[in-house]
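Each chain gets a letter, A, B and so on, in the order its sequence line appears, and its residues count up from 1.
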Amino acid sequence: MEREALQAAVCELDAAVSPLDANADRAAVVVEASALPAIVRRLRDEPQFAFAQLLDHVAVDWIDRGQFELIYQLYSFKHKHFLSVSVFVPRDDPRVPTLCRVHPVAEWQEREVYDLFGVLYDDHPDLRRLFLEDDWVGFPLRKDYQDDFMLDRPR
Amino acid sequence: MGIVTDKLPGALEKVPGGNVLVTRFDEIINWARASSLWPLTFGTSCCAIEMLMATGGPRHDLARFGAEVARPSPRQADLLILAGTIVKRMAPRLRTLYEQMAEPRYVIATGACTISGGPFIYHSYTTVRGADEIIPVDVYVPGCPPRPEQLFHGLLTLQKMIKEGETIREPGVRRKPVISALPEGITLEDIQGEMKELLVKENVVDVQHAVDKLKWPSGLNEQSSGKSGANESGAGDGT
Ligand code: SF4
């Protein structure tokens with residue numbers, strides 16, 4: 001499907017989905033956190049979408065708005081189209097349902113985001129740190145992260 | 001066969017029926033060590049492409065300097081070419097690798113990252129600021145990444161250090177670490193030209209030159225020069 005058509009079709013799925021006006025080369029939608037697993041499951045199973053693969057899962061720290069943006073990149077082998085699904089969660093209580101029941105690969109991708117951003121995935125089977133030591137304090141990719149080791153650029 | 005940049009240090013003495021090579025163990029051992037460095041493949045990021053892969057490949061060809069047998073196991077290596085960013089999580093492993101390497105071991109730190117943390121020195125929660133916080137370094141090769149020629153320069157510097165370095169009387173003596181920066185404007189062609197010159201020079205065997213070059217310990221020199229008076233000055237030491 002073409003970008004605009006795909007975006008419109010995905011938005012018709014549910015009231016929890018709205019278009020995201022990003023300057024991207026692929027269709028982008030925003031989904032409410034609570035509806036995420038159900039929507040992604042439908043995107044995977046319905047034949048006109050057939051998003052069989054979760055390519056990537058990343059987070060963006062929008063510190064000015066007090067939000068994390070969680071981005072899921074989906075790809076369909078059948079139709080060869082991409083979709084980027086965004087979820088906005090508040091910075092002070094970042095919680096989102098896990099996707100590992102829908103796409104098992106999400107388990108480690110979510111562990112990575114937890115490791116570096118501290119986003120909590122409800123119902124995740126094994127939410128431990130992935131890269132950093134288990135006793136690490138804080139989440140270093142948050143924009144306000146500071147520790148004793150970090151050096152600031154001299155002005 | 002690569003280019004032999006150095007002849008076996010020693011002096012040829014003509015005796016009836018052939019030649020006798022006179023040398024010292026220190027010189028022979030250091031010569032052997034310097035000419036057969038076995039690097040450990042330790043590439044953690046972008047520098048590894050330049051340092052281990054481009055340098056080891058056929059265009060630049062590390063084999064010419066007797067250091068091409070890159071080993072994947074520290075037990076078989078005695079040269080650690082650090083190529084790439086070192087993070088906190090890697091630091092204990094690097095220390096372990098270094099300690100597992102065969103003695104005597106040498107370390108070349110290539111690239112801004114292993115020298116100081118490089119581009120990641122500010123606002124980094126995990127980049128170690130210089131490999132010398134973890135292990136001792138012999139030669140620093142600056143650049144981001146350094147060109148293969150610069151690694152050659154660093155390697156030749158290290159070989160020079162080894163040859164002037166340890167002796168049996170003082171094992172484990174390390175010279176101060178050096179920075180081996182290639183002078184600006186030096187190209188691969190310059191280095192190749194220099195190597196060719198050496199090759200031509202090496203083909204002419206000049207024994208007297210080798211004898212003159214050799215530095216004897218002071219005691220030995222006097223003994224061999226004052227042969228007529230050997231009986232008076234302690235002949236009991238053995239000659
Ligand atoms: S010094 Fe530069 S090229 Fe080398 S590892 Fe660091 S960033 Fe990469």
Pair A:Tyr72-A:Asp56, side-chain donor/acceptor within less than 3.5 Å: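 No, because no side-chain N or O of A:Tyr72 sits under 3.5 Å from a partner of the opposite role on A:Asp56.
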Exercise: do B:Thr85 and B:Ser45 side chains pair donor with acceptor under 3.5 Å: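 Indeed, the side chains of B:Thr85 and B:Ser45 share at least one donor-acceptor pair under 3.5 Å.
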Cation-pi geometry met for A:Arg26 and A:Tyr75 (6.0 Å, 45°):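 The answer is no, since A:Arg26 fails at least one limit relative to A:Tyr75.
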Atom pair CD1/CG of B:Ile115 and B:Asp132 - distance to nearest 0.5 Å: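 With rounding to 0.5 Å, CD1 (B:Ile115) is 9.0 Å from CG (B:Asp132).
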Residues which pass ring pair (Phe, Tyr, Trp, His ring centres under 6.0 Å) with B:Phe42, listed by chain and number, not counting sequence neighbours: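 Not a single residue meets the ring pair (Phe, Tyr, Trp, His ring centres under 6.0 Å) criterion with B:Phe42.
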Pair B:Gln76-B:Trp38, side chain to side chain donor-acceptor pair (under 3.5 Å): steps then yes or no: CA-CA 7 Å; B:Gln76 301 170 348; B:Trp38 288 31; over 6 Å; no
Any residue of residues 96-132 of chain A which, by heavy atoms, sits under 4.5 Å from chain B: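 A:Leu116, A:Leu130, A:Phe131, A:Leu132, listed by number.
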Segment of A:Asp152 engaging chain B (4.5 angstrom heavy-atom cut-off):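 For A:Asp152, the contact with chain B is made by backbone and side chain together.
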